[in-house]
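Below is one structure, written out as structure tokens, with a few remarks after it.
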Amino acid sequence: KSSGRLGCFGWLLVLVSLLFIAATFPLTIFMCVKIVKEYERAVIFRLGRITDRKPKGPGLFFVLPCTDNFVKVDLRTVSFDIPPQEILTKDSVTVSVDGVVYFRIHCPISSVANVSNAHLSTRLLAQTTLRNVLGTKNLAELLSDRESISLSMQEALDEATDPWGIKVERVEIKDVKLPQQLQRAMAAEAEASREARAKV
């Protein structure tokens, strides 16, 4: 692709950089050789363009001073809490729900080139997805069917974050807090049904 080419001036700068390395060889070797760990990858930019369609690492790799810079990307699974969200259910009950999301970066180049902050974007998207998914459920479904809700949230998040190079591995609903008045009403209803069964 022509977008991956540096052009005449770009190649001239790369040549000057190589001559600079050759002229100051023993010192510049420390500036040129970089190391990434087993769980990291490096996306290299040469004059602002991504050099390869494949990230470097793990281990040693070589960069040119002045023309190259690189971004390290961590491939390990990351977890974060979704802060409690006030949600109005389908049957007009306000509940507070929080959860946890586990995700990892599967394409380092997409996570660097397609979104400015992949981790923060995933966190914000998880909050809105939680509100959107739970807004379509009634209270009984929310309390009894957490597994299918978690699965539908995971699928929605995974599809939305795929262009960012992110794979959502798991989503869990941690806690559903009901309003105090509703808790008292449900407790009274349960007590009344127990007493009715005891009389029979």
Quick one: closest heavy-atom pair of V171 and V168, and the distance?
-> CG2-CG1, 3.9 Å
Do K174 and E172 sit within salt-bridge range, that is, some charged N less than 4.0 Å from a carboxylate O?
-> no
Mark yes or no for whether R41, through its side chain, and E38, through its backbone, hold a donor-acceptor pair below 3.5 Å.
-> yes
So, do F61 and V36 sit near enough that their side-chain heavy atoms are less than 4.5 Å apart?
-> yes
Common cluster, V176/L88, ILVMFWY with side-chain heavy-atom separation under 4.5 Å = no
Does the side-chain contact (heavy atoms from CB on, under 4.5 Å) test come out yes or no for L64 and R46, once each step is laid out?
-> CA-CA 8 Å; L64 297 175; R46 178 162 293 149; 3.8 Å; yes
Might you confirm whether atom CD1 of I35 has over 12 heavy atoms from other residues, nucleotides or ligands at distances under 6.0 Å?
-> no
Chi angles and distances behind the side-chain contact (heavy atoms from CB on, under 4.5 Å) call for R104, V78 = CA-CA 6 Å; R104 64 181 170 80; V78 177; over 6 Å; no
Smallest heavy-atom separation, I173 atom then R146 atom, equals O-NH1, 3.7 Å
Under the side-chain contact (heavy atoms from CB on, under 4.5 Å) criterion, do F45 and V63 qualify, and how do the steps go?
-> CA-CA 9 Å; F45 292 87; V63 295; over 6 Å; no
Rounded to the nearest 0.5 angstrom, the OG1-CD1 distance for T94 and I87 is 10.0 Å
Can you name the nearest heavy-atom pair linking V101 to A126, along with the distance?
-> CG2-CB, 4.0 Å
Check whether any side-chain heavy atom of S110 sits under 4.5 Å from a side-chain heavy atom of W164, and report yes or no.
-> no
From S144 atom OG to I149 atom CD1, the distance as rounded to the nearest 0.5 Å = 7.5 Å
Consider only side-chain N and O atoms of S96 and Q85, and report whether a donor and an acceptor are under 3.5 Å apart.
-> no
NZ of K56 to CZ of F62, rounded to nearest 0.5 Å, is 11.5 Å
Using modelled atom types only, decide if a donor and an acceptor are shared between the side chain of T136 and the backbone of V133 within a distance under 3.5 Å.
-> yes
Applying the 4.5 Å side-chain criterion to the ILVMFWY set and letting contacts propagate, would I50 and I44 be lumped into a single cluster?
-> no
When the aromatic ring centroids of F103 and H119 are compared, is their separation below 6.0 Å?
-> yes
Nearest 0.5 Å, what's the CD-CD distance between E169 and Q154?
-> 8.5 Å
Are the side chain of N114 and the backbone of P163 linked by a donor-acceptor contact shorter than 3.5 Å?
-> yes
Mark yes or no for whether Q127, through its side chain, and L124, through its backbone, hold a donor-acceptor pair below 3.5 Å.
-> no
Judged by atom type as modelled, is there a donor-acceptor pair below 3.5 Å linking the side chain of D91 to the main-chain atoms of L139?
-> yes
Can you hop from L125 to Y102 via hydrophobic side chains spaced under 4.5 Å?
-> no
With side chains defined as the heavy atoms from C-beta onward, is the minimum distance between D98 and P83 less than 4.5 Å?
-> no
In terms of hydrophobic clusters joined by side-chain contacts under 4.5 Å, are M153 and L134 together?
-> yes
One should read off an interatomic distance between E40 CD and D74 CG, to the nearest 0.5 angstrom, of 6.0 Å
Within one Ile-Leu-Val-Met-Phe-Trp-Tyr cluster: I166 and V115, side-chain cutoff 4.5 Å = yes
Verify, without hydrogens or angle tests, whether T89 (side chain) and V93 (backbone) share a donor-acceptor contact under 3.5 angstrom.
-> yes
Side-chain H-bond candidate by donor/acceptor type, D145 with S148, under 3.5 Å = yes
Rounded to the nearest 0.5 Å, what separation is found between the CG atom of D158 and the OG1 atom of T129?
-> 11.0 Å
